[in-house]
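Okay, structure first, notes after.
What you see is a predicted model, and the numbers here were worked out from it, not measured in a lab. Both counts, for ligands and for their atoms, begin at 1 and track the order of listing.
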Amino acid sequence: MVYTNFSFNEMVKIANSCDESYDGLFYYAVKTTGIFCRPSCKSRNPNKENITFFQTAEEAKGAGFRPCKRCQPDMIHFDPIMDIINDTKLYIQRHYTENLTMKQIAQKIGISPYYLGRIFKKHTSRTPRSYLEKIRVSKAVHLLKNTDLSTMDICFEVGFQSYSSFYHAFQKQLEYSPQQYRKIFNYDL
Ligand SMILES: [Zn+2]
């Protein structure tokens, strides 16, 4: 059972993109090989039909899967810093639609905004703010592809407070405007 805000298809996409910003939030297992991995693992991309997800390494092991030798998903590091970072990611994932401030996030995590910003940047090479934007833009992409909502509706749906901040974050990450992105995607169909 996975408690993140991601749908099955989104988690498949994350696993296939080997994106390490989701490590610690869930694990994926491949039924045909009996092996489970972290989202960032660079092993061969599994077929969607063979993939299953777990919240923790223990659950994956409990279901009979073996840890991958490459990404070592069962290696537990007793690292309070990584706990803070994972808690922050999870908090942002669960609350990205809200008007979040860094102060508010830091307060929930229980440390100062300055310290949170510093350790988050050191371990993920991005600030909590840019992580939040990344989550929002990836949700917006999902909505652009799968719904008829206007780009304006999508902007507010994913938590941006103004169209210009949505536009800039989107353009910065994908090098297209939301409208261009939707058009290009529809051509591909
Ligand atoms: Zn692996």
Lys134 and Asp19 ion-paired at < 4.0 Å: yes
Chi angles and distances behind the side chain to side chain donor-acceptor pair (under 3.5 Å) call for Ser7, Glu10: CA-CA 5 Å; Ser7 69; Glu10 285 173 290; 3.1 Å; yes
Hphob cluster co-occupancy, Tyr96 + Leu144, side-chain heavy atoms under 4.5 angstrom: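 Per the 4.5 Å side-chain linkage, Tyr96 and Leu144 are co-clustered.
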Aromatic centroids of Phe160 and Phe156 separated by under 6.0 Å: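 No, they do not, as the ring centres are separated by 6.0 Å or more.
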Glu98 side, atom CD; Ile92 side, atom CD1 - distance, nearest 0.5 Å: 11.5 Å
Quiz item: cation-pi between Arg66 and Phe36, 6.0 Å / 45°: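 Arg66 over Phe36 ring: no.
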Residue and atom, protein N/O/S, under 2.8 Å of the Zn ion (ligand 1):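 Cys37 SG, Cys41 SG, Cys68 SG, Cys71 SG, with waters left out.
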